[in-house]
Amino acid sequence: MDYVAIESAAKYACADADVTGRLAGLFEGELREQGLWQLFAEMEMPLIPVLLDMERNGVALNKESLWAMSQTLGERMKELEDQIYDCAGHSFNINSPKQLGSILFEEIKLPGGRRTKSGYSTDAAVLEWLKGTHPVIELLVEYRQLMKLKSTYIDVLPAIINPKTGRVHTSFNQTGTSTGRLSSSDPNLQNIPIRGELGQQVRKAFIASDGFLLLSGDYSQIDLRVMAHLSQDARLLDAFHNDEDIHTATASQVFDVPAAEVTPDMRRVAKTVNFGVIYGMSGYGLEQATTLSREEASGFINTYFEKHSGVKAYIEATKSQARDRGYVETVLGRRRYISEINSSNGQVRAAAERMAINMPVQGTAADIVKLAMIDIKREMDRQGLKAKMILQVHDELVFEVPQEELDLMKGLVAEMMPNALRLSVPLTVEVKTGPNWGELN
DNA sequence: AACTAGGCT
DNA sequence: GTATAAGCCTAGTTG
């Protein structure tokens, strides 16, 4: 190991005492695996001061709106509790899957479903299955949703605003994943709700401070573009070169109809298939994720691979590489060792194969975003901008930008994100701005 | 600490 | 016959 070079890279990248802790993690974890040397000097090391800057910047929060939501939700949840107790005939702890299971499947005698290690499963898929069999089900679904958002976000975030900065500061962990992604904790700002009316409301509480706007740059289908690059699949390359809607294109191929005749339902299935392929999804998995029968689902996956022979070949080659060398790698050489790829246990081996298939895709996307962060921060510093990089959510970068720098920053992000790394297909980025994270245009 | 559940990309 | 979609983090219950 070339410690002299590491040291000089460290000096170049960050004259900051703070880095010691992070370096320890990098030396212990990532550097232990080979293949990271190049990445370390060119990417992980220069990324450190960028992450520290983002953590220091933090993000502003509209705590009044969250307090108001907490109030409203608290009242609604009380109503739901009472109605649920009425259905059950007595009170119990709705937050206990154990108690809920015994009430649903033993007292009310609903058709018993899937089992977990310790009893009946009462998760969202089971409740969805039971919908219509008893009025308590929809009450439970709503209660669960409100409980999740209230206890994880709405009540927690306002309480952890830093009194000195008035903002919320996350930790971006550089060494916490096996694919090269970042993770975020205390609080996790990479899983802020976005779906549904309520989710939107929570996201709207992430605001720009006075005189600033939020700017978000979001890679479009970066995982599928990476898959196109890795597999060199003719149809995927073609679709992205022509800037087609990839899910519609896939639907057109799999259902064998002209693109103009693809229905929303067909597109939805194709979208699930497209993502499923990246994860090594089976016919059963597709069946569970859609309304298709098992036979239909398996049929679509077979058709997909017939039409996308490049993807099929890539998946086989990746599994083979994992078996032969013991690891897989991203476009830039980041490695993941797959120790169980030759396991004699079929299930363990299958899980290892899915990890092997997914890591080069997810990891290359992570590398691209990291490079973009470094490029953009360097340019922001060079120009002495007041704009701040504040969040990274895997394929999205969020900035807080003063009004007067908005056009400049839009141009900078739109230029640098797509050009962070040259692939066989173009990388496209959607740049949006707005007063908060839930209202970007 | 293990388990169940569920939020995000 | 059995399990079945990658990667994370956090909250609440239970023993």
Side-chain angles (χ1 to χ4, degrees), chain A residues 92-101 114-128 140-141 143-157 160 170-173 175-196 198-199 202-203 218-224 226-227 272-290 294 297-298 301 318 328 336 338 345-366 369 391-397 437:
Chain A
F92 65 101
N93 189 340
I94 307 171
N95 298 321
S96 163
K98 188 165 176 276
Q99 295 180 38
L100 181 60
R114 215 171 63 243
R115 312 280 305 192
T116 63
K117 285 180 185 174
S118 53
Y120 302 100
S121 172
T122 66
D123 69 15
V126 170
L127 296 182
E128 175 63 29
L140 287 169
V141 170
Y143 179 89
R144 278 260 174 89
Q145 187 207 0
L146 302 192
M147 183 68 193
K148 179 69 180 183
L149 296 188
K150 186 169 185 289
S151 68
T152 308
Y153 306 100
I154 295 167
D155 287 341
V156 172
L157 291 170
I160 56 174
T170 186
S171 296
F172 284 108
N173 187 346
T175 59
T177 71
S178 39
T179 58
R181 274 188 174 186
L182 300 178
S183 74
S184 159
S185 60
D186 309 296
N188 183 356
L189 295 185
Q190 290 180 322
N191 74 340
I192 298 305
I194 190 171
R195 293 176 194 132
L198 204 50
V202 174
R203 212 163 251 238
D218 196 330
Y219 283 104
S220 306
Q221 287 117 21
I222 191 170
D223 286 1
L224 285 169
V226 168
M227 177 57 98
T272 305
V273 172
N274 274 333
F275 284 109
V277 164
I278 291 170
Y279 300 144
M281 186 189 234
S282 66
Y284 174 87
L286 182 60
E287 179 197 353
Q288 295 303 307
T290 61
R294 176 63 186 277
S298 301
I301 290 187
T318 303
V328 292
R336 177 176 186 177
I338 311 283
N345 180 325
Q347 285 172 44
V348 171
R349 195 174 59 246
E353 288 175 352
R354 292 195 296 272
M355 294 173 202
I357 292 164
N358 179 260
M359 185 273 174
V361 178
Q362 190 182 113
T364 298
V369 178
L391 295 172
Q392 189 256 41
V393 193
H394 309 306
D395 64 358
E396 175 187 19
L397 297 177
W437 205 8

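So you know, we letter chains A, B, ... as the sequences are listed, proteins then strands, and number each from 1. Worth knowing before you read on, the calculation uses all heavy atoms, side chains too, and leaves out hydrogens, waters and symmetry mates.
Taking every side-chain heavy atom of A:Ser185 into account, C:dC9 is the closest of C:dC9, B:dT9, C:dG7. Picking from C:dT14, C:dG7, B:dT4 the nucleotide with the shortest atom distance to the side chain of A:Thr116 gives B:dT4. Side chain of A:Val156, nearest nucleotide from B:dA5, C:dA11, B:dT4: C:dA11. Of the candidates C:dC8, B:dA5, B:dG7, B:dG7 carries the atom nearest the A:Leu149 side chain, counting heavy atoms from C-beta on. Of the candidates C:dC9, B:dC3, B:dG6, B:dC3 carries the atom nearest the A:Ser118 side chain, counting heavy atoms from C-beta on. Closest contact between the side chain of A:Ser183 and the listed nucleotides C:dG15, C:dC9, B:dA5 involves C:dC9. Closest contact between the side chain of A:Thr122 and the listed nucleotides C:dA6, B:dA5, B:dT4 involves B:dA5.
A:Asp218 and A:Ser220 share no donor-acceptor pair across their side chains, judged by distance under 3.5 Å alone. Looking at A:Thr170 and A:Ser184, their side chains do bring a donor and an acceptor atom within 3.5 Å of each other.
Within 4.0 Å of A:Arg144, counting heavy atoms only, lie sugar-phosphate atoms of the nucleic acid but no base atom. Within the 4.0 angstrom heavy-atom criterion, only backbone atoms of the sugar-phosphate kind lie near A:Asn93; the bases stay farther away. No contact: A:Asp223 has no heavy atom under 4.0 Å from any strand. In this structure, A:Asn191 reaches the bases: a heavy-atom distance under 4.0 Å links it to at least one base atom across the strands shown. Note on A:Gln99: only backbone sugar-phosphate atoms sit closer than 4.0 angstrom, heavy atoms only; bases stay farther off. Using a 4.0 Å heavy-atom distance criterion, A:Ile278 is classed as making no nucleic acid contact. Residue A:Ile194 is classed as a sugar-phosphate contact, given heavy-atom separations below 4.0 Å to backbone atoms only. Nucleic acid contact class of A:Lys117 (heavy atoms, under 4.0 Å, all strands): sugar-phosphate only. If you check every strand for non-hydrogen atoms under 4.0 Å, A:Met147 touches sugar and phosphate atoms only.
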Checking A:Thr177 against A:Gln362 for the side-chain contact (heavy atoms from CB on, under 4.5 Å) test, could you report, in this order, the C-alpha distance in whole Å, the side-chain angles of both residues, the deciding distance, and whether it holds? CA-CA 11 Å; A:Thr177 71; A:Gln362 190 182 113; 5.9 Å; no

Determine whether A:Val202 and A:Trp437 satisfy the following criterion, side-chain contact (heavy atoms from CB on, under 4.5 Å), listing intermediate values before the conclusion. CA-CA 9 Å; A:Val202 174; A:Trp437 205 8; over 6 Å; no

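Contact check, A:Asn95 against C:dT13: a side-chain N or O comes under 4.0 Å of OP1 or OP2. A:Thr152 has no side-chain polar atom (N or O) that falls below the 4.0 Å cut-off from OP1 or OP2 of B:dG6. Contact annotation: A:Ser96 does not reach the phosphate of C:dG12 (side-chain N/O to OP1 or OP2, under 4.0 Å). Dashed line: the shortest gap from a side-chain N or O of A:Arg195 to OP1 or OP2 of B:dC8 is under 4.0 Å. Contact annotation: A:Lys148 does not reach the phosphate of C:dG12 (side-chain N/O to OP1 or OP2, under 4.0 Å).
The shortest heavy-atom contact between A:Ile357 and A:Pro360 is O-CD, 3.5 Å.
When rounded to the nearest whole Å, the span between NZ of A:Lys98 and C1' of C:dT14 equals 8 Å. Following rounding to the nearest Å, A:Gln190 (CD) and C:dT10 (P) show an atom-to-atom distance of 11 Å. Atom CG of A:Asn188 is separated from atom C1' of C:dT10 by 8 Å (rounded to the nearest Å). Rounded to whole Å, the distance from CD on A:Glu396 to P on C:dG7 is 22 Å. If you take CD of A:Glu128 and P of B:dG6, they are 12 Å apart, rounded to a whole angstrom. Counting to the nearest Å, the P atom of C:dA6 and the CG atom of A:Leu224 are 16 Å from each other. Rounded to an integer number of Å, the gap from CG of A:Leu198 to C1' of B:dG7 is 12 Å. In this structure, CD1 of A:Ile160 is placed 9 Å from P of C:dT10, rounded to the nearest angstrom.
Atom-to-atom distance recorded for A:Asn188:CG and A:Phe172:CZ is 9.0 Å, nearest 0.5 angstrom.
A:Gln392 has its side chain within reach of A:Gln190: a pair of non-hydrogen atoms, C-beta onward, lies under 4.5 Å apart. Residues A:Thr179 and A:Arg336 meet the side-chain proximity criterion, which asks for heavy atoms closer than 4.5 Å.
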Between the protein and nucleotides 2-5 of chain C, are there any N/O to N/O pairs under 3.5 Å, and if so, what are the atom names and distances?
unit_1: C:dT4; atom_1: O2; unit_2: A:Ser282; atom_2: OG; d: 3.3
unit_1: C:dA5; atom_1: OP2; unit_2: A:Ser282; atom_2: OG; d: 2.9
unit_1: C:dA5; atom_1: O3'; unit_2: A:Arg354; atom_2: NE; d: 3.3

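Spacing between B:dG6 and C:dG1 at atom P, rounded to whole Å, works out to 31 Å. Atom C1' of C:dA5 sits at a distance of 15 Å from the matching atom of B:dC8, rounded to the whole Å. Taking atom P in both B:dG7 and C:dT2, the straight-line distance is 31 Å, to the nearest Å.
Although no hydrogens or angles enter the test, the distance criterion places a donor-acceptor pair under 3.5 Å between the side chain of A:Arg203 and the main chain of A:Ile192. Remark: the backbone N or O of A:Asn191 is paired with a side-chain donor or acceptor of A:Tyr153 at under 3.5 angstrom.
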